[in-house]
Amino acid sequence: MKSIVVIGGGVGGYVAAIRAAQLGAKVTLIEKNNIGGTCLNEGCIPTKVLLHTAELYSDLLAGEEYGLRINGDISVDWQALQKRKADVIKQLVGGVRILLQYNKIEIINGTAKINTPKSVSIAKPNGEIQRIDTDNTIIATGSEPFIPLIPGVDLEGVINSTGALSIEEIPKSITIVGGGVIGVEFAHLFNTLGAEVSIVEMMPDILPRIDGEIVSLMRSHLENKNIKIYTSAKVASISKNGDMLNVNVNTKDGSIILKSEKVLMSVGRRGRLEGLNVEEVGIKTERNLIAVDDNMETNVTGIYAIGDITGKNMLAHVASEQGIIAAQSIMGIKDKMDYKVIPSCIYTSPEIASVGMTEEEAKSKGIDYKKGVFPLMANGKSIISNETSGFVKVIADSKYGEVLGVHIIGSRATDIIGEAALAIKLEATVDELISTIHAHPTVSESVKEAALSVKNRAIHNVNN
Ligand code: FAD
(Lines give C-alpha, C1' and ligand atoms only; values in the text may rest on other atoms or scores of the structure.)
Protein backbone atom coordinates (compact mmCIF):
# COMPACT_ATOMS: atom_id res chain seq x y z
CA MET A 1 0.00 0.00 0.00
CA LYS A 2 1.37 3.40 -0.98
CA SER A 3 2.02 5.74 1.94
CA ILE A 4 1.50 9.49 1.66
CA VAL A 5 2.27 12.20 4.21
CA VAL A 6 0.30 15.42 3.78
CA ILE A 7 1.79 18.43 5.60
CA GLY A 8 -0.95 20.94 6.45
CA GLY A 9 -4.63 20.28 7.09
CA GLY A 10 -6.10 23.28 5.24
CA VAL A 11 -8.52 23.03 2.31
CA GLY A 12 -5.67 21.91 0.08
CA GLY A 13 -4.23 19.33 2.46
CA TYR A 14 -7.39 17.72 3.80
CA VAL A 15 -8.91 17.37 0.33
CA ALA A 16 -5.67 15.81 -0.99
CA ALA A 17 -5.69 13.43 1.99
CA ILE A 18 -9.28 12.33 1.40
CA ARG A 19 -8.77 11.81 -2.35
CA ALA A 20 -5.56 9.83 -1.77
CA ALA A 21 -7.34 7.64 0.81
CA GLN A 22 -10.26 7.09 -1.60
CA LEU A 23 -7.70 5.78 -4.11
CA GLY A 24 -6.29 3.33 -1.56
CA ALA A 25 -3.30 5.13 -0.05
CA LYS A 26 -2.29 4.98 3.62
CA VAL A 27 -2.46 8.68 4.49
CA THR A 28 -1.02 10.62 7.42
CA LEU A 29 -2.08 14.23 7.78
CA ILE A 30 0.11 16.50 9.89
CA GLU A 31 -1.32 19.78 11.18
CA LYS A 32 0.36 22.10 13.63
CA ASN A 33 -2.71 24.21 14.43
CA ASN A 34 -6.30 23.63 13.42
CA ILE A 35 -7.69 21.31 10.80
CA GLY A 36 -9.32 23.45 8.11
CA GLY A 37 -6.36 25.85 7.94
CA THR A 38 -6.76 29.46 6.94
CA CYS A 39 -9.98 29.08 4.99
CA LEU A 40 -12.06 27.53 7.75
CA ASN A 41 -10.43 29.18 10.75
CA GLU A 42 -9.28 32.64 9.68
CA GLY A 43 -10.20 33.20 6.05
CA CYS A 44 -13.14 32.39 3.80
CA ILE A 45 -15.57 31.11 6.42
CA PRO A 46 -15.19 33.58 9.32
CA THR A 47 -15.14 36.58 6.96
CA LYS A 48 -18.35 35.42 5.33
CA VAL A 49 -20.05 34.79 8.70
CA LEU A 50 -19.34 38.41 9.67
CA LEU A 51 -20.32 39.73 6.23
CA HIS A 52 -23.59 37.77 6.32
CA THR A 53 -24.60 39.45 9.59
CA ALA A 54 -23.50 42.83 8.22
CA GLU A 55 -25.83 42.27 5.25
CA LEU A 56 -28.73 41.34 7.52
CA TYR A 57 -28.07 44.40 9.64
CA SER A 58 -28.01 46.69 6.65
CA ASP A 59 -31.22 45.14 5.25
CA LEU A 60 -32.96 45.54 8.60
CA LEU A 61 -31.90 49.17 8.85
CA ALA A 62 -33.59 49.65 5.50
CA GLY A 63 -36.52 47.49 6.69
CA GLU A 64 -39.25 49.99 5.91
CA GLU A 65 -38.32 49.87 2.23
CA TYR A 66 -39.20 46.18 2.35
CA GLY A 67 -42.45 46.69 4.22
CA LEU A 68 -41.08 45.86 7.66
CA ARG A 69 -41.99 47.87 10.72
CA ILE A 70 -39.27 47.58 13.32
CA ASN A 71 -40.07 48.60 16.86
CA GLY A 72 -36.99 49.35 18.89
CA ASP A 73 -33.32 49.67 18.06
CA ILE A 74 -31.38 47.37 15.86
CA SER A 75 -27.77 47.01 16.83
CA VAL A 76 -24.90 44.63 16.27
CA ASP A 77 -23.92 42.44 19.22
CA TRP A 78 -20.27 41.93 18.30
CA GLN A 79 -19.65 39.38 21.08
CA ALA A 80 -22.66 37.29 20.02
CA LEU A 81 -21.48 37.53 16.43
CA GLN A 82 -18.03 36.32 17.48
CA LYS A 83 -19.70 33.36 19.16
CA ARG A 84 -21.69 32.60 16.01
CA LYS A 85 -18.48 32.77 14.00
CA ALA A 86 -16.82 30.31 16.40
CA ASP A 87 -19.85 27.97 16.22
CA VAL A 88 -19.84 27.92 12.42
CA ILE A 89 -16.10 27.19 12.36
CA LYS A 90 -16.52 24.46 14.97
CA GLN A 91 -19.27 22.81 12.97
CA LEU A 92 -17.28 22.85 9.74
CA VAL A 93 -13.98 21.75 11.30
CA GLY A 94 -15.84 18.99 13.16
CA GLY A 95 -17.34 17.84 9.87
CA VAL A 96 -13.92 17.69 8.20
CA ARG A 97 -12.52 15.69 11.15
CA ILE A 98 -15.33 13.16 10.78
CA LEU A 99 -14.61 12.83 7.05
CA LEU A 100 -10.90 12.30 7.73
CA GLN A 101 -11.71 9.60 10.29
CA TYR A 102 -14.22 7.97 7.95
CA ASN A 103 -11.48 7.78 5.31
CA LYS A 104 -9.10 6.22 7.90
CA ILE A 105 -6.63 9.08 7.67
CA GLU A 106 -4.27 9.34 10.61
CA ILE A 107 -4.11 12.91 11.94
CA ILE A 108 -0.98 13.94 13.83
CA ASN A 109 -0.86 17.24 15.68
CA GLY A 110 2.61 18.74 15.30
CA THR A 111 5.01 20.69 13.12
CA ALA A 112 6.43 18.76 10.20
CA LYS A 113 9.91 18.93 8.75
CA ILE A 114 11.02 17.10 5.62
CA ASN A 115 14.23 15.12 6.24
CA THR A 116 14.53 13.39 2.86
CA PRO A 117 12.03 12.68 0.05
CA LYS A 118 11.15 9.51 1.95
CA SER A 119 11.18 10.74 5.55
CA VAL A 120 9.33 13.39 7.55
CA SER A 121 9.71 14.22 11.23
CA ILE A 122 7.09 15.81 13.43
CA ALA A 123 7.72 17.99 16.46
CA LYS A 124 4.75 17.34 18.74
CA PRO A 125 3.37 19.81 21.31
CA ASN A 126 4.75 17.62 24.17
CA GLY A 127 8.29 17.96 22.77
CA GLU A 128 8.39 14.46 21.32
CA ILE A 129 9.84 14.04 17.80
CA GLN A 130 8.19 11.38 15.66
CA ARG A 131 9.78 10.20 12.42
CA ILE A 132 7.73 8.64 9.64
CA ASP A 133 8.83 6.95 6.44
CA THR A 134 6.73 7.73 3.41
CA ASP A 135 6.58 7.00 -0.30
CA ASN A 136 5.32 10.48 -1.14
CA THR A 137 4.87 13.83 0.55
CA ILE A 138 2.39 16.57 -0.27
CA ILE A 139 3.31 20.01 1.08
CA ALA A 140 0.17 22.04 1.82
CA THR A 141 1.44 24.55 4.36
CA GLY A 142 -0.45 27.54 2.97
CA SER A 143 0.34 31.19 3.47
CA GLU A 144 0.33 33.93 6.08
CA PRO A 145 -0.16 37.70 5.94
CA PHE A 146 2.80 39.55 4.43
CA ILE A 147 3.71 42.53 6.57
CA PRO A 148 5.86 45.11 4.77
CA LEU A 149 8.72 46.83 6.57
CA ILE A 150 6.99 50.16 7.18
CA PRO A 151 8.02 52.17 10.26
CA GLY A 152 5.32 51.77 12.92
CA VAL A 153 3.84 48.58 11.48
CA ASP A 154 4.46 46.84 14.80
CA LEU A 155 2.52 49.41 16.86
CA GLU A 156 -0.44 48.34 18.97
CA GLY A 157 -3.60 48.76 16.91
CA VAL A 158 -1.97 47.70 13.64
CA ILE A 159 -3.56 44.37 12.79
CA ASN A 160 -3.67 41.77 10.01
CA SER A 161 -6.70 39.92 8.62
CA THR A 162 -6.56 37.30 11.39
CA GLY A 163 -6.57 40.02 14.06
CA ALA A 164 -9.39 41.88 12.33
CA LEU A 165 -11.66 38.83 12.51
CA SER A 166 -11.37 38.64 16.28
CA ILE A 167 -10.97 42.31 17.11
CA GLU A 168 -12.31 43.03 20.62
CA GLU A 169 -14.89 45.54 19.40
CA ILE A 170 -15.98 47.20 16.17
CA PRO A 171 -13.52 50.07 15.68
CA LYS A 172 -14.86 53.59 15.24
CA SER A 173 -12.37 54.13 12.46
CA ILE A 174 -10.00 51.95 10.49
CA THR A 175 -7.46 52.53 7.73
CA ILE A 176 -7.09 49.55 5.44
CA VAL A 177 -3.75 49.31 3.69
CA GLY A 178 -4.32 47.33 0.48
CA GLY A 179 -7.34 47.51 -1.81
CA GLY A 180 -7.31 43.89 -2.98
CA VAL A 181 -10.13 41.42 -2.38
CA ILE A 182 -9.46 40.92 1.34
CA GLY A 183 -9.02 44.67 1.99
CA VAL A 184 -12.21 45.58 0.14
CA GLU A 185 -14.26 42.87 1.91
CA PHE A 186 -13.08 44.17 5.30
CA ALA A 187 -13.77 47.77 4.19
CA HIS A 188 -17.34 46.79 3.32
CA LEU A 189 -17.72 44.85 6.59
CA PHE A 190 -16.50 47.54 8.97
CA ASN A 191 -18.25 50.33 7.08
CA THR A 192 -21.57 48.45 7.25
CA LEU A 193 -21.05 47.90 10.97
CA GLY A 194 -20.59 51.63 11.49
CA ALA A 195 -16.85 52.34 11.27
CA GLU A 196 -15.26 55.17 9.31
CA VAL A 197 -13.16 53.42 6.70
CA SER A 198 -10.31 54.51 4.43
CA ILE A 199 -8.53 52.32 1.89
CA VAL A 200 -4.98 53.08 0.78
CA GLU A 201 -3.90 51.30 -2.39
CA MET A 202 -0.52 51.60 -4.09
CA MET A 203 -1.83 50.66 -7.55
CA PRO A 204 -3.83 53.06 -9.75
CA ASP A 205 -7.04 51.27 -8.78
CA ILE A 206 -8.51 48.84 -6.26
CA LEU A 207 -9.26 45.18 -7.09
CA PRO A 208 -6.53 44.37 -9.63
CA ARG A 209 -7.39 41.89 -12.42
CA ILE A 210 -11.14 42.49 -12.08
CA ASP A 211 -13.09 43.81 -15.09
CA GLY A 212 -12.57 47.60 -15.31
CA GLU A 213 -16.27 48.53 -15.54
CA ILE A 214 -17.01 46.39 -12.49
CA VAL A 215 -14.21 48.04 -10.53
CA SER A 216 -15.47 51.53 -11.31
CA LEU A 217 -19.03 50.59 -10.28
CA MET A 218 -17.76 49.01 -7.05
CA ARG A 219 -15.62 52.06 -6.37
CA SER A 220 -18.62 54.35 -6.67
CA HIS A 221 -20.63 52.04 -4.37
CA LEU A 222 -17.90 52.16 -1.75
CA GLU A 223 -17.48 55.93 -2.07
CA ASN A 224 -21.25 56.46 -1.83
CA LYS A 225 -21.09 54.64 1.49
CA ASN A 226 -18.48 57.18 2.54
CA ILE A 227 -15.48 54.89 2.31
CA LYS A 228 -12.48 57.04 1.39
CA ILE A 229 -10.31 55.46 -1.29
CA TYR A 230 -6.77 56.66 -1.96
CA THR A 231 -5.17 55.01 -4.99
CA SER A 232 -1.61 55.42 -6.34
CA ALA A 233 -0.92 56.06 -2.66
CA LYS A 234 1.78 54.54 -0.52
CA VAL A 235 1.97 54.34 3.27
CA ALA A 236 5.28 55.85 4.38
CA SER A 237 4.94 55.31 8.14
CA ILE A 238 2.50 54.78 10.99
CA SER A 239 2.78 56.56 14.31
CA LYS A 240 0.87 56.71 17.58
CA ASN A 241 -1.16 59.78 18.44
CA GLY A 242 -2.75 59.18 21.86
CA ASP A 243 -5.32 56.43 21.35
CA MET A 244 -5.25 56.93 17.62
CA LEU A 245 -2.86 55.96 14.87
CA ASN A 246 -1.57 58.39 12.25
CA VAL A 247 -0.99 56.82 8.87
CA ASN A 248 1.33 58.95 6.76
CA VAL A 249 0.50 58.42 3.12
CA ASN A 250 2.29 59.68 0.02
CA THR A 251 -0.28 60.37 -2.67
CA LYS A 252 0.20 61.82 -6.14
CA ASP A 253 -1.02 65.14 -4.73
CA GLY A 254 1.41 65.16 -1.79
CA SER A 255 1.50 63.70 1.71
CA ILE A 256 -1.58 63.23 3.84
CA ILE A 257 -2.19 61.87 7.33
CA LEU A 258 -5.10 59.51 7.94
CA LYS A 259 -6.13 59.20 11.59
CA SER A 260 -7.82 56.02 12.75
CA GLU A 261 -8.25 53.76 15.75
CA LYS A 262 -6.97 50.70 13.90
CA VAL A 263 -4.86 50.02 10.86
CA LEU A 264 -5.42 46.79 8.93
CA MET A 265 -2.45 45.64 6.87
CA SER A 266 -3.80 43.72 3.90
CA VAL A 267 -1.11 43.94 1.26
CA GLY A 268 -0.76 40.29 0.33
CA ARG A 269 0.33 36.93 1.67
CA ARG A 270 3.58 34.99 1.72
CA GLY A 271 4.20 31.27 1.58
CA ARG A 272 4.62 29.40 4.88
CA LEU A 273 7.95 27.62 4.45
CA GLU A 274 9.63 28.21 7.79
CA GLY A 275 11.12 25.12 9.40
CA LEU A 276 10.04 22.81 6.57
CA ASN A 277 13.61 22.26 5.38
CA VAL A 278 12.57 22.46 1.73
CA GLU A 279 15.70 24.12 0.40
CA GLU A 280 17.97 21.66 2.20
CA VAL A 281 16.05 18.80 0.55
CA GLY A 282 16.64 20.49 -2.82
CA ILE A 283 13.11 21.74 -3.51
CA LYS A 284 13.10 24.74 -5.82
CA THR A 285 11.53 27.84 -4.27
CA GLU A 286 10.99 31.32 -5.57
CA ARG A 287 10.03 34.29 -3.37
CA ASN A 288 9.00 31.95 -0.57
CA LEU A 289 6.79 29.84 -2.84
CA ILE A 290 7.31 26.30 -4.15
CA ALA A 291 7.62 25.71 -7.88
CA VAL A 292 5.51 22.82 -9.22
CA ASP A 293 4.64 21.26 -12.57
CA ASP A 294 1.10 20.69 -13.90
CA ASN A 295 0.78 17.49 -11.82
CA MET A 296 1.73 19.52 -8.71
CA GLU A 297 5.06 17.72 -8.36
CA THR A 298 8.10 19.73 -7.26
CA ASN A 299 11.51 19.34 -8.86
CA VAL A 300 12.24 16.62 -6.25
CA THR A 301 10.64 13.38 -7.45
CA GLY A 302 7.92 12.17 -5.10
CA ILE A 303 7.39 15.50 -3.29
CA TYR A 304 4.34 17.47 -4.31
CA ALA A 305 3.08 20.92 -3.29
CA ILE A 306 -0.42 22.37 -3.45
CA GLY A 307 -2.43 25.40 -2.41
CA ASP A 308 -1.24 28.86 -1.43
CA ILE A 309 2.34 27.65 -1.01
CA THR A 310 2.51 27.28 -4.81
CA GLY A 311 1.38 30.91 -5.23
CA LYS A 312 -0.70 30.06 -8.31
CA ASN A 313 -4.05 31.58 -7.29
CA MET A 314 -4.42 31.97 -3.55
CA LEU A 315 -7.99 30.68 -3.42
CA ALA A 316 -9.52 27.84 -1.43
CA HIS A 317 -11.08 26.09 -4.43
CA VAL A 318 -7.76 26.21 -6.30
CA ALA A 319 -5.98 24.64 -3.31
CA SER A 320 -8.57 21.83 -3.17
CA GLU A 321 -8.39 21.12 -6.90
CA GLN A 322 -4.60 21.07 -6.77
CA GLY A 323 -4.92 18.63 -3.86
CA ILE A 324 -7.03 16.30 -5.98
CA ILE A 325 -4.61 16.52 -8.91
CA ALA A 326 -1.62 15.79 -6.61
CA ALA A 327 -3.33 12.81 -4.94
CA GLN A 328 -4.40 11.38 -8.30
CA SER A 329 -0.94 11.89 -9.85
CA ILE A 330 0.66 9.99 -6.98
CA MET A 331 -1.91 7.21 -7.31
CA GLY A 332 -1.31 6.86 -11.05
CA ILE A 333 -4.13 8.99 -12.48
CA LYS A 334 -2.32 11.60 -14.53
CA ASP A 335 -4.47 14.68 -14.80
CA LYS A 336 -3.15 18.19 -15.30
CA MET A 337 -4.13 21.25 -13.30
CA ASP A 338 -6.04 23.64 -15.55
CA TYR A 339 -5.96 27.28 -14.44
CA LYS A 340 -8.11 28.55 -17.33
CA VAL A 341 -11.43 28.29 -15.55
CA ILE A 342 -11.10 29.64 -12.03
CA PRO A 343 -14.04 31.58 -10.68
CA SER A 344 -13.21 34.32 -8.23
CA CYS A 345 -15.67 35.97 -5.90
CA ILE A 346 -15.82 39.09 -3.76
CA TYR A 347 -18.42 39.15 -1.00
CA THR A 348 -19.23 42.83 -0.92
CA SER A 349 -22.62 44.36 -1.53
CA PRO A 350 -23.20 44.08 -4.40
CA GLU A 351 -21.19 40.93 -4.86
CA ILE A 352 -18.65 40.49 -7.62
CA ALA A 353 -17.89 37.23 -9.39
CA SER A 354 -15.94 36.54 -12.49
CA VAL A 355 -14.52 33.69 -14.51
CA GLY A 356 -12.46 33.55 -17.67
CA MET A 357 -11.11 36.37 -19.74
CA THR A 358 -11.80 40.00 -18.91
CA GLU A 359 -12.50 42.51 -21.64
CA GLU A 360 -9.14 44.15 -20.90
CA GLU A 361 -7.37 40.81 -21.39
CA ALA A 362 -9.23 40.10 -24.64
CA LYS A 363 -8.18 43.53 -25.92
CA SER A 364 -4.55 43.16 -24.86
CA LYS A 365 -4.33 39.72 -26.51
CA GLY A 366 -5.81 41.09 -29.72
CA ILE A 367 -8.76 38.68 -29.58
CA ASP A 368 -11.66 39.48 -31.88
CA TYR A 369 -14.44 39.47 -29.29
CA LYS A 370 -18.02 40.61 -28.79
CA LYS A 371 -19.60 41.53 -25.51
CA GLY A 372 -23.09 41.47 -24.15
CA VAL A 373 -24.07 43.41 -21.05
CA PHE A 374 -27.34 43.06 -19.21
CA PRO A 375 -28.22 45.55 -16.44
CA LEU A 376 -29.79 44.09 -13.29
CA MET A 377 -32.16 47.05 -13.30
CA ALA A 378 -34.12 45.01 -15.84
CA ASN A 379 -34.06 41.76 -13.83
CA GLY A 380 -37.20 40.95 -11.84
CA LYS A 381 -35.46 39.11 -8.99
CA SER A 382 -32.98 41.98 -8.52
CA ILE A 383 -35.85 44.46 -8.34
CA ILE A 384 -37.61 42.27 -5.75
CA SER A 385 -34.50 42.24 -3.56
CA ASN A 386 -33.85 45.93 -4.23
CA GLU A 387 -30.39 45.18 -5.59
CA THR A 388 -30.56 46.59 -9.08
CA SER A 389 -27.18 48.25 -9.28
CA GLY A 390 -25.08 45.85 -11.28
CA PHE A 391 -24.78 43.94 -14.50
CA VAL A 392 -23.72 40.72 -16.15
CA LYS A 393 -21.10 40.97 -18.89
CA VAL A 394 -20.40 38.11 -21.29
CA ILE A 395 -17.26 38.15 -23.44
CA ALA A 396 -17.46 35.82 -26.45
CA ASP A 397 -15.26 35.24 -29.45
CA SER A 398 -16.64 36.86 -32.58
CA LYS A 399 -16.30 33.91 -34.93
CA TYR A 400 -17.94 31.00 -33.10
CA GLY A 401 -19.49 32.79 -30.15
CA GLU A 402 -17.47 30.70 -27.66
CA VAL A 403 -17.91 32.08 -24.15
CA LEU A 404 -14.52 33.40 -23.02
CA GLY A 405 -15.42 35.27 -19.86
CA VAL A 406 -18.35 36.17 -17.63
CA HIS A 407 -18.15 39.04 -15.14
CA ILE A 408 -20.93 39.87 -12.73
CA ILE A 409 -21.52 42.61 -10.22
CA GLY A 410 -24.81 42.26 -8.41
CA SER A 411 -26.84 40.29 -5.98
CA ARG A 412 -26.08 36.53 -5.91
CA ALA A 413 -23.18 36.96 -8.32
CA THR A 414 -21.13 34.47 -6.29
CA ASP A 415 -23.77 31.77 -6.69
CA ILE A 416 -24.57 32.22 -10.36
CA ILE A 417 -20.93 32.26 -11.47
CA GLY A 418 -20.98 28.43 -11.36
CA GLU A 419 -23.06 28.31 -14.54
CA ALA A 420 -20.53 30.55 -16.29
CA ALA A 421 -17.60 28.42 -15.11
CA LEU A 422 -19.27 25.30 -16.51
CA ALA A 423 -20.01 27.06 -19.81
CA ILE A 424 -16.36 28.06 -20.24
CA LYS A 425 -15.10 24.63 -19.14
CA LEU A 426 -17.35 22.95 -21.73
CA GLU A 427 -16.35 25.50 -24.39
CA ALA A 428 -20.01 26.45 -24.69
CA THR A 429 -21.14 29.14 -27.08
CA VAL A 430 -23.49 32.03 -26.38
CA ASP A 431 -26.09 30.13 -28.46
CA GLU A 432 -25.91 27.29 -25.91
CA LEU A 433 -26.36 29.71 -23.01
CA ILE A 434 -29.28 31.25 -24.91
CA SER A 435 -30.99 27.94 -25.65
CA THR A 436 -30.72 26.85 -22.00
CA ILE A 437 -33.97 27.59 -20.21
CA HIS A 438 -33.31 29.60 -17.07
CA ALA A 439 -35.77 29.58 -14.17
CA HIS A 440 -37.85 32.68 -13.51
CA PRO A 441 -37.59 34.82 -11.46
CA THR A 442 -33.87 34.40 -10.82
CA VAL A 443 -30.82 36.61 -11.14
CA SER A 444 -29.34 33.89 -13.35
CA GLU A 445 -31.76 34.86 -16.12
CA SER A 446 -29.42 37.83 -16.58
CA VAL A 447 -26.67 35.47 -17.76
CA LYS A 448 -28.94 34.33 -20.59
CA GLU A 449 -29.95 37.92 -21.33
CA ALA A 450 -26.28 39.01 -21.43
CA ALA A 451 -25.61 36.14 -23.86
CA LEU A 452 -28.60 37.33 -25.94
CA SER A 453 -27.11 40.85 -25.85
CA VAL A 454 -23.93 39.52 -27.49
CA LYS A 455 -26.19 38.84 -30.50
CA ASN A 456 -28.22 42.05 -30.08
CA ARG A 457 -31.22 39.90 -29.19
CA ALA A 458 -31.86 40.79 -25.54
CA ILE A 459 -35.55 40.44 -24.76
CA HIS A 460 -35.70 42.52 -21.61
CA ASN A 461 -33.41 45.32 -22.74
CA VAL A 462 -33.10 47.51 -25.79
CA ASN A 463 -30.50 46.38 -28.32
CA ASN A 464 -28.27 48.70 -30.28
P1 FAD B 1 -4.04 26.89 4.52
O2 FAD B 1 -5.51 26.92 4.54
O3 FAD B 1 -3.30 28.10 4.96
O4 FAD B 1 -3.59 25.64 5.37
C5 FAD B 1 -2.26 25.36 5.64
C6 FAD B 1 -2.18 24.59 6.94
O7 FAD B 1 -0.87 24.09 7.09
C8 FAD B 1 -2.44 25.46 8.17
O9 FAD B 1 -3.48 24.89 8.93
C10 FAD B 1 -1.11 25.45 8.92
O11 FAD B 1 -1.29 25.47 10.32
C12 FAD B 1 -0.50 24.14 8.46
N13 FAD B 1 0.96 24.11 8.52
C14 FAD B 1 1.83 25.04 8.03
N15 FAD B 1 3.11 24.62 8.21
C16 FAD B 1 3.04 23.42 8.82
C17 FAD B 1 4.02 22.48 9.26
N18 FAD B 1 5.32 22.70 9.09
N19 FAD B 1 3.60 21.36 9.85
C20 FAD B 1 2.26 21.11 10.02
N21 FAD B 1 1.30 21.96 9.63
C22 FAD B 1 1.68 23.08 9.02
N23 FAD B 1 -10.31 31.93 -0.64
C24 FAD B 1 -11.45 31.69 -1.32
O25 FAD B 1 -11.45 30.88 -2.24
N26 FAD B 1 -12.62 32.33 -0.99
C27 FAD B 1 -12.68 33.24 0.00
O28 FAD B 1 -13.75 33.79 0.26
C29 FAD B 1 -11.50 33.54 0.72
N30 FAD B 1 -11.52 34.43 1.73
C31 FAD B 1 -10.36 34.66 2.43
C32 FAD B 1 -10.40 35.61 3.45
C33 FAD B 1 -9.26 35.87 4.18
C34 FAD B 1 -9.29 36.87 5.29
C35 FAD B 1 -8.06 35.15 3.89
C36 FAD B 1 -6.81 35.39 4.70
C37 FAD B 1 -8.01 34.22 2.88
C38 FAD B 1 -9.16 33.98 2.13
N39 FAD B 1 -9.17 33.05 1.08
C40 FAD B 1 -10.31 32.84 0.37
C41 FAD B 1 -7.95 32.32 0.70
C42 FAD B 1 -7.97 30.89 1.27
O43 FAD B 1 -8.17 30.93 2.66
C44 FAD B 1 -6.67 30.18 0.94
O45 FAD B 1 -6.47 30.22 -0.46
C46 FAD B 1 -6.70 28.72 1.39
O47 FAD B 1 -6.91 28.63 2.77
C48 FAD B 1 -5.39 28.02 1.02
O49 FAD B 1 -5.43 26.71 1.47
P50 FAD B 1 -4.10 25.88 1.78
O51 FAD B 1 -4.55 24.50 2.09
O52 FAD B 1 -3.12 26.10 0.70
O53 FAD B 1 -3.47 26.57 3.06
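Counting starts at 1 for both ligands and their atoms, following the listed order.
Heavy-atom proximity to atom 35 (C) of ligand 1, evaluated over I342, L273, I182, is greatest for I182. Counting heavy atoms only, T38 comes closest to atom 2 (O) of ligand 1 of the residues I139, T38, N313, I306.
Atom-to-atom distance recorded for Y14:OH and L40:CG is 5.5 Å, nearest 0.5 angstrom. Atom CZ of residue F374 and atom CD of residue E445 lie 8.5 Å apart, to the nearest 0.5 angstrom. One distance of note links CZ of R209 with CE of M203; it measures 8.5 Å at 0.5 Å rounding. Between atom CE of residue M265 and atom CD1 of residue I150 there is a gap of 4.0 Å, rounded to the nearest 0.5 Å. Rounding to the nearest 0.5 Å places CZ of R19 at 9.5 Å from CE of M331. One finds the CD1 atom of I35 at 5.5 Å from the CG atom of L100 (value rounded to the nearest 0.5 Å).
Ligand 1 lies out of reach of L165, whose nearest heavy atom is not under 4.0 Å from it. For K48, the heavy-atom gap to ligand 1 drops under 4.0 angstrom. The shortest separation from a heavy atom of A164 to ligand 1 is not under 4.0 Å, leaving the residue out of contact. Within the structure, ligand 1 has T47 among the residues with a heavy atom less than 4.0 angstrom away. Ligand 1 lies out of reach of G275, whose nearest heavy atom is not under 4.0 Å from it.
In terms of heavy-atom proximity, L217 sits nearest to S389 at CD1-OG, 3.9 Å.
Protein heavy atom closest to atom 11 (O) of ligand 1, with residue, atom name and distance, is E31 OE2, 2.7 Å. For atom 19 (N) of ligand 1, the closest heavy atom belonging to the protein is A112 N, 2.9 Å. In terms of protein heavy atoms, atom 23 (N) of ligand 1 is closest to A316 N, 3.3 Å. The protein heavy-atom contact nearest to atom 44 (C) of ligand 1 is D308 OD2, 3.4 Å. When only non-hydrogen protein atoms are considered, atom 53 (O) of ligand 1 lies nearest to G142 CA, 3.2 Å. The protein heavy-atom contact nearest to atom 5 (C) of ligand 1 is A140 O, 3.3 Å. Looking only at heavy atoms of the protein, atom 31 (C) of ligand 1 is closest to C44 N, 3.4 Å. Nearest protein heavy-atom contact of atom 16 (C) of ligand 1 is T141 CG2, 3.7 Å.
Taking every heavy atom of T111 and a limit of under 4.0 angstrom, the matching atoms of ligand 1 come to 18 (N), 19 (N). Residue M314 approaches ligand 1 through these ligand atoms, each under 4.0 Å from one of its heavy atoms: 41 (C), 45 (O). Which parts of ligand 1 touch G37 is read off a 4.0 Å heavy-atom cut-off, strictly below it: atoms 2 (O), 4 (O), 8 (C), 9 (O). Here is the list of ligand 1 atoms found below 4.0 Å of a heavy atom in G12: 51 (O). Listed by number with element, the atoms of ligand 1 under 4.0 angstrom from any heavy atom of C39 are 2 (O), 43 (O), 47 (O). Within ligand 1, counting atoms from 1 as listed, the ones closer than 4.0 Å to a heavy atom of R269 are 36 (C). Remark: ligand 1 atoms within the under-4.0 Å shell around heavy atoms of I30 are 20 (C), 21 (N). Close contacts between ligand 1 and G307 involve ligand atoms 52 (O) [criterion: under 4.0 Å to a heavy atom].
Remark: E144 engages R270 in a salt bridge, criterion side-chain N to carboxylate O under 4.0 Å.
Checked by atom type, the side-chain pair D205/T231 shows no donor-acceptor distance below 3.5 Å. Between the side chains of Y339 and E321, no donor N or O sits under 3.5 Å from an acceptor N or O. S446 and K381 share no donor-acceptor pair across their side chains, judged by distance under 3.5 Å alone.
Between the side chain of H407 and the main chain of M357, a donor-acceptor pair closer than 3.5 Å is present.
Contacts with ligand 1 closer than 4.0 Å are made by no heavy atom of P145, backbone or side chain. Counting heavy atoms under 4.0 Å from ligand 1, residue R272 touches it through the side chain alone. Residue contacts with ligand 1, taken as heavy atom pairs separated by less than 4.0 Å, involve I7 solely via side-chain atoms from C-beta onward.
When each of I210, I352, I409 is tested with V215 by the rule side chain to side chain contact (heavy atoms under 4.5 Å, CB included), just one qualifies, namely I210. The residue from K284, E297, Q322, K312 that alone fulfils the side chain to side chain contact (heavy atoms under 4.5 Å, CB included) condition with V292 is K312.
Y304 has its side chain out of reach of V6: every pair of non-hydrogen atoms, C-beta onward, lies at least 4.5 Å apart. Residues E360 and D211 have side chains in contact (heavy-atom distance under 4.5 Å, counting atoms from C-beta outward).
At least one N/O-N/O distance between L315 and ligand 1 falls below 3.5 Å.
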